[in-house]
There are 2 protein chains.
Amino acid sequence: MADGDLLDRVLADPDLVPARADLVSRHDRKGGRLILVDGFAYQYRMLTSGRRQITAYLVPGDSYDLDAARENGSDHAVMALTSVRSVHLTTAEVAVLSLDHPSIDHAVMALTSVRSVHLTTAEVAVLSLDHPSIAEGLRLVGRIEEATLREWLVNIGGRPALERIAHLFCELDRRLHAVGLVDQDRFEMPITQYDLADTAGLSSVHVNRTIQELRRQGLIALTGRSLTILDRPSLQALADFQPRYLRLRASA
Amino acid sequence: MADGDLLDRVLADPDLVPARADLVSRHDRKGGRLILVDGFAYQYRMLTSGRRQITAYLVPGDSYDLDAARENGSDHAVMALTSVRSVHLTTAEVAVLSLDHPSIDHAVMALTSVRSVHLTTAEVAVLSLDHPSIAEGLRLVGRIEEATLREWLVNIGGRPALERIAHLFCELDRRLHAVGLVDQDRFEMPITQYDLADTAGLSSVHVNRTIQELRRQGLIALTGRSLTILDRPSLQALADFQPRYLRLRASA
DNA sequence: CGCACTCTTGAAAGTTGTCAACTCTCGTGG
DNA sequence: CCACGAGAGTTGACAACTTTCAAGAGTGCG
């Protein structure tokens, strides 16, 4: 069969994982190499104290461990935040698919609009290390993930609650905007305040009060699952948000 | 000239950088690709609030950006904590050196004793991406750095001050032990309490009180620049420290 | 309708930060 | 040799931030 067919077939038949189920569990030997087609997920780690620390979010178009660096088990797991459609790739599929997609512009991987992202990120997956430009692309993804991780460390270690939550919202805004999921400064954010608490290293009660302060300052509106950025410049200024680390295109 | 000669020459003539000077500055276009031969350094980021957040420590044997991923400027800088001897490698040197060191066991890069580390990590530097096993090695280094970054995020986001500082000491202990810099559960740690504060996301006053509590519990002794681990099992248990992320050999 | 989950609120307690001063060490210059 | 000054560590009192506990209100789904 043609490789394009395989790609189409793989994308056409994503796995469906319900909310709050592990997409990839800790010490998962099968490898979690996947692409998120639809829905939100997060990477997390449980402490022996019982506390949970979220270390990354996955939004549509994002991938996880495509280079199989964590194949032999890792120190964290990935859980679906909403019901999720994702494509899991086997080593065989990655290898087969890579044969006919030798040249993918890795700059494209920095994401543009949602439709192209799904395809583009998928294409990324079809690449093997045999193709230098592919290896290049995977390395870029890795660097963005690392820069984001460092940004989170700086955020949690260096900013008080209000700025911390504001920064998180700014990041989600830009990332979702890049994949076309922001409409009129408004986007769906299916993250509970408990999740935000375990992301920011705060208690859920304090997250709640912090969000109310952001509302009071007229920066955001948050009702149910829908977040609206009312004053992006002020919100970004408050958070000291510099989106360069995300390596997104100027617009989308 | 033979590659071995170049390697020797490079190692024999390290740069000397005084304490509190930048080894690599932000937006440094020259690229910071280096190996630390002697001394301590840290990677950090300044916030507009004036706060400094340390995101990583470099100890003897550690490298920085050998794969030149941050060549075009990054969001952070690297500063010498003590006076430092380091080897800076140019692109040309890395290229030349890579030609005759095709097969380096990447497992060795996980560090053993101090002498071999200096050589081994140096050898890592002499590798280019043309050699698959080298690329492999650089990727392993990257993964360890990323896992450490994630560990710090979990540490700062999820643990109170006492556990946080304890965890930091546990990590330094294991990393320095791996390069032979721990003698009788005691090692030199030229990190001020101000530095620790900006590492752990605490104030220096609170770091001071936290250290006193660790002393009071009989876990450590810290005088001047010398830290002694008095009760490693208890300290590690307190910190919930699992050294697996460092990927160190069993002993050294 | 009722359960489960999420959001919100108040009060009290605990943790951490700020400010300010004092001590200690160490290296330099008189 | 001693005085001095800079950097680092220590301490106390107080303020600010954040958590915990507990309870009630809102929301969506079977």
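So you know, we letter chains A, B, ... as the sequences are listed, proteins then strands, and number each from 1. Computed from a prediction, not measured in an experiment: that's the story for all the values here.
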With a 3.5 Å distance limit and no angle check, can you tell me whether [X] reaches the backbone of [Y] through a side-chain donor-acceptor pair?
| X | Y | answer |
| --- | --- | --- |
| B:Thr82 | B:Phe40 | yes |
| A:Asp198 | A:Gln53 | no |
| A:Asp231 | A:Ser234 | yes |
| B:Arg159 | A:Ser49 | no |
| A:Arg85 | A:Asp38 | no |

query = Going through the checks in order, is the salt bridge (charged side-chain N to carboxylate O under 4.0 Å, His left out) test met by A:Arg164 and A:Asp240?
reply = CA-CA 10 Å; A:Arg164 213 181 286 182; A:Asp240 187 20; over 6 Å; no
task = Taking only heavy atoms on the protein side, list every residue of residues 158-167 of chain B lying under 4.0 Å from any atom of DNA chain C, sorted numerically.
result = B:Pro160, B:Ala161
inquiry  = What residues from residues 201-215 of chain A pass a heavy-atom cutoff of under 4.0 Å to DNA chain C?
reply    =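 A:Val205, A:Asn208, A:Arg209, A:Gln212, A:Arg215 - these, ordered by number, are the residues of the stretch whose heavy atoms sit under 4.0 Å from the strand.
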key: Pairing residues for A:Glu145 by the salt bridge (Lys or Arg N to Asp or Glu O under 4.0 Å) criterion, not counting sequence neighbours   = none
ask   = Can you pull the contact range of chain B along DNA chain D, 5' to 3', using atoms under 4.0 angstrom from its heavy atoms?
value = D:dA8 to D:dA13
query = Can A:Glu151 and A:Asn155 be said to form a side-chain hydrogen bond (donor to acceptor under 3.5 Å, both in side chains), step by step?
reply = CA-CA 6 Å; A:Glu151 199 68 29; A:Asn155 193 35; over 6 Å; no
key: Check against salt bridge (charged side-chain N to carboxylate O under 4.0 Å, His left out), A:Arg143 and A:Glu146   = CA-CA 5 Å; A:Arg143 270 181 247 155; A:Glu146 187 184 325; over 6 Å; no
ask   = Do B:Thr199 and B:Tyr57 have a side chain donor and acceptor closer than 3.5 Å?
value = yes
inquiry  = Taking any atom closer than 4.0 angstrom to a non-hydrogen atom of chain B, what span of DNA chain C does the protein reach, first nucleotide to last?
reply    =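 Contacts span C:dT16 to C:dC19, reading 5' to 3'.
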request  = Go through the structure and list residues passing ring pair (Phe, Tyr, Trp, His ring centres under 6.0 Å) with B:Tyr245, not counting sequence neighbours.
outcome  =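 If we apply the ring pair (Phe, Tyr, Trp, His ring centres under 6.0 Å) test to B:Tyr245, skipping adjacent residues, there are no hits.
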message = Rounded at 0.5 Å granularity, tell me how far OG in A:Ser74 sits from CZ in B:Arg150.
response =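 Rounded to the nearest 0.5 Å, the OG-CZ separation comes out at 7.0 Å.
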